[in-house]
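Keep in mind the model is a prediction, meaning the values are calculated, not measured.
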Amino acid sequence: MATSTKESFFERVFEVVRQIPAGRVCSYGVIAEACGGRISARMVGWAMNASHGMLPPVPAHRVVNRNGQLTGKHHFPTPDMMQQLLDKEGIKVVNDQIIDFKKLIWIPG
DNA sequence: ACCGTGACTGGCA
DNA sequence: ATGCCAGCCACGG
């Protein structure tokens with residue numbers, strides 16, 4: 001990835017995730033489709049795994065599964081960090097579940 | 001070049 | 001309502 005003649009699909013995913021406004025969340029499937037719809041939701045989660053330590057930082061905490069559940073919180077530096085960040089943005093999370101997720105869901109475009 | 005793995009999703013029993 | 005199966009693409013070994 002050093003040559004960077006062609007950017008990895010990760011960068012594309014990161015860019016979409018960075019477009020998510022604070023106080024809003026997005027699902028993996030939506031991001032996958034926003035990337036061009038040529039990748040599956042699994043690839044998004046996998047890309048998130050590479051987002052750790054990325055600059056600019058990727059708001060992966062705003063990315064949750066289709067159920068609004070913080071499935072990937074275990075991948076953060078600390079499992080509590082994801083909920084703390086969401087709560088700080090005004091998003092209420094209980095039992096790893098986003099409250100009013102249906103209203104907080106944001107879709108590119 | 002082949003196989004396994006992965007922070008998901010949707011459909012069917 | 002809940003649980004299991006299969007599909008999906010990309011990357012590392």
Exercise. Is A/F9 touching bases, backbone alone, or none of the nucleic acid, heavy atoms closer than 4.0 Å?
Worked result: sugar-phosphate
Considering only nitrogen or oxygen atoms on both sides, find all protein atoms under 3.5 Å from nucleotides 11-13 of chain B and state each distance.
none

For this session: Can you tell me the distance, in whole Å, between the CH2 atom of A/W46 and the P atom of C/dA10?
Result: 9 Å
Problem set entry | Nearest-Å distance for atom pair CZ/C1', residues A/F76 and B/dA7 | 9 Å
Problem set entry | Rounded interatomic separation in angstrom, taking CZ from A/F10 and P from C/dC11 | 5 Å
Exercise. Is any side-chain heavy atom of A/V25 closer than 4.5 Å to a side-chain heavy atom of A/V63?
Worked result: no
Seminar exercise, completed: Encoded 5' to 3' (Watson-Crick or G-U under 3.5 Å; [ ] crossing; | other strand), DNA chain C becomes .||||||.|||||
For this session: Answer whether the closest heavy-atom distance between the side chains of A/I39 and A/V13 falls below 4.5 Å.
Result: yes
Problem set entry | Counterpart residues, side chain to side chain donor-acceptor pair (under 3.5 Å), relative to A/D96 (two or more places apart) | A/K73
Exercise. Near DNA chain B, which residues from residues 96-109 of chain A have a heavy atom under 4.0 Å away?
Worked result: none
For this session: May I have the distance from A/N67 (atom CG) to B/dT9 (atom C1'), rounded to whole angstrom?
Result: 10 Å
Seminar exercise, completed: ring-ring contact (aromatic ring centres under 6.0 Å, His included) pairs touching residues 34-68 of chain A, sequence neighbours excluded, are A/F10-A/W46
Problem set entry | Spacing between A/I31 atom CD1 and C/dC9 atom P, to the nearest angstrom | 18 Å
Exercise. Roughly how many Å is it from CD in A/Q69 to P in B/dT9, rounded to a whole number?
Worked result: 11 Å
For this session: Please name all residues satisfying side chain to side chain donor-acceptor pair (under 3.5 Å) with A/R12, sequence neighbours left out, ordered by chain then number.
Result: none
Result block: side-chain N/O donor-acceptor pairs under 3.5 angstrom for residues 79-87 of chain A, not counting sequence neighbours:
| residue | atom | partner | partner atom | Å |
| --- | --- | --- | --- | --- |
| A/Q83 | NE2 | A/V93 | O | 3.1 |

Exercise. CE of A/M48 versus C1' of C/dC11: gap in Å, rounded?
Worked result: 16 Å
Problem set entry | Residues forming a side-chain contact (heavy atoms from CB on, under 4.5 Å) with A/S51, sequence neighbours excluded | A/F14, A/M48, A/V58, A/A60
Problem set entry | ring-ring contact (aromatic ring centres under 6.0 Å, His included): pairs with one or both residues in residues 75-97 of chain A, sequence neighbours excluded | none
Can you give me the N/O atom pairs linking the protein to nucleotides 4-8 of chain C at distances under 3.5 Å, or say none if there are none?
| residue | atom | partner | partner atom | Å |
| --- | --- | --- | --- | --- |
| C/dG7 | O6 | A/R42 | NH1 | 2.9 |
| C/dG7 | O6 | A/R42 | NH2 | 2.2 |
| C/dC8 | N3 | A/R42 | NH1 | 3.2 |

Problem set entry | d(CE, A/M82; C1', B/dA7) in whole Å | 8 Å
Seminar exercise, completed: Residue pairs meeting side chain to side chain donor-acceptor pair (under 3.5 Å), one or both in residues 13-34 of chain A, sequence neighbours left out, come to none
For this session: Could you list all the salt bridge (charged side-chain N to carboxylate O under 4.0 Å, His left out) pairs where at least one residue sits in residues 100-109 of chain A, not counting sequence neighbours?
Result: none
